[in-house]
Amino acid sequence: MEEKMNTMYRLTFEWAHILEKSRIYQYTELLYSPWTLIWKNILYGTARGLGIALGFTFFAATIIYVLQVLGALNLPIIGDYIADIVRIVQRQLEFK
């Protein structure tokens, strides 16, 4: 009987430890306070959108810079194609 109690205590302790690691308590508290949940989602969404915008801007600027460098090399076929792309992008930027 004592062995069963020790086994049961050990299993209960392990489950409590697993639940504590999963932060289930904080999650249930968050579900009972909807304004906190809404505020955190707005904040996280704004941060994610800003990160995507900055990342895409950096990526696009790098690609345009590389295309301009490749266009300056005057490669026979690729250089003309890249120069056309750079001209189109610059023209679009001038209209805005």
Side-chain angles (χ1 to χ4, degrees):
M1 180 73 166
E2 189 174 325
E3 185 179 322
K4 285 184 179 181
M5 290 297 284
N6 285 337
T7 305
M8 197 65 145
Y9 173 78
R10 185 178 48 79
L11 288 174
T12 306
F13 186 77
E14 287 177 10
W15 272 100
H17 184 67
I18 289 171
L19 287 174
E20 193 174 315
K21 279 176 56 178
S22 70
R23 296 181 178 178
I24 195 79
Y25 178 72
Q26 285 91 359
Y27 179 69
T28 53
E29 268 188 2
L30 191 61
L31 289 178
Y32 285 117
S33 58
W35 290 110
T36 305
L37 181 64
I38 290 169
W39 173 248
K40 285 187 178 185
N41 281 329
I42 289 172
L43 188 65
Y44 295 156
T46 304
R48 183 175 292 156
L50 184 64
I52 289 171
L54 290 175
F56 181 74
T57 302
F58 178 74
F59 178 74
T62 304
I63 294 298
I64 290 173
Y65 177 75
V66 168
L67 289 176
Q68 284 179 342
V69 169
L70 287 175
L73 292 177
N74 290 331
L75 300 174
I77 297 172
I78 299 172
D80 294 336
Y81 180 70
I82 292 172
D84 289 339
I85 292 174
V86 170
R87 268 189 245 115
I88 291 169
V89 170
Q90 286 177 343
R91 202 173 314 137
Q92 289 292 327
L93 291 175
E94 288 174 2
F95 287 132
K96 289 186 179 185

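Once rounded to the nearest 0.5 Å, the distance linking CZ of Arg91 with CD of Glu94 reads 8.5 Å. The CZ atom of Arg23 lies 13.0 Å from the OG1 atom of Thr28; values are rounded to the nearest 0.5 Å. Here Asn41 contributes atom CG and Thr46 contributes atom OG1; the two are 10.5 Å apart, rounded to the nearest 0.5 Å. Separation of atoms CD (Glu29) and CG (Leu31) is listed at 10.5 Å; rounding is to 0.5 Å. To the nearest 0.5 angstrom, Tyr27 atom OH is 8.0 Å from Leu37 atom CG. For the atom pair Ile18 CD1 and Phe13 CZ, the distance stands at 11.0 Å (nearest 0.5 Å).
Residue Glu3 qualifies as open at atom CD: its count of foreign heavy atoms under 6.0 Å is 12 or below. A 6.0 Å sphere centred on CZ of Arg48 holds no more than 12 heavy atoms belonging to other residues, nucleotides or ligands.
Both Val66 and Phe59 belong to a common hydrophobic cluster when Ile, Leu, Val, Met, Phe, Trp and Tyr are linked at side-chain heavy-atom distances under 4.5 angstrom. Hydrophobic clustering, with ILVMFWY side chains joined whenever heavy atoms are under 4.5 angstrom apart, keeps Phe58 apart from Ile63. Residue Leu30 is not grouped with residue Trp39 when hydrophobic side chains (ILVMFWY) are merged at heavy-atom distances under 4.5 angstrom, including chains of intermediate members.
Lys40 has its side chain within reach of Tyr44: a pair of non-hydrogen atoms, C-beta onward, lies under 4.5 Å apart. Counting heavy atoms from C-beta on, the side chains of Glu14 and Leu11 come closer than 4.5 Å.
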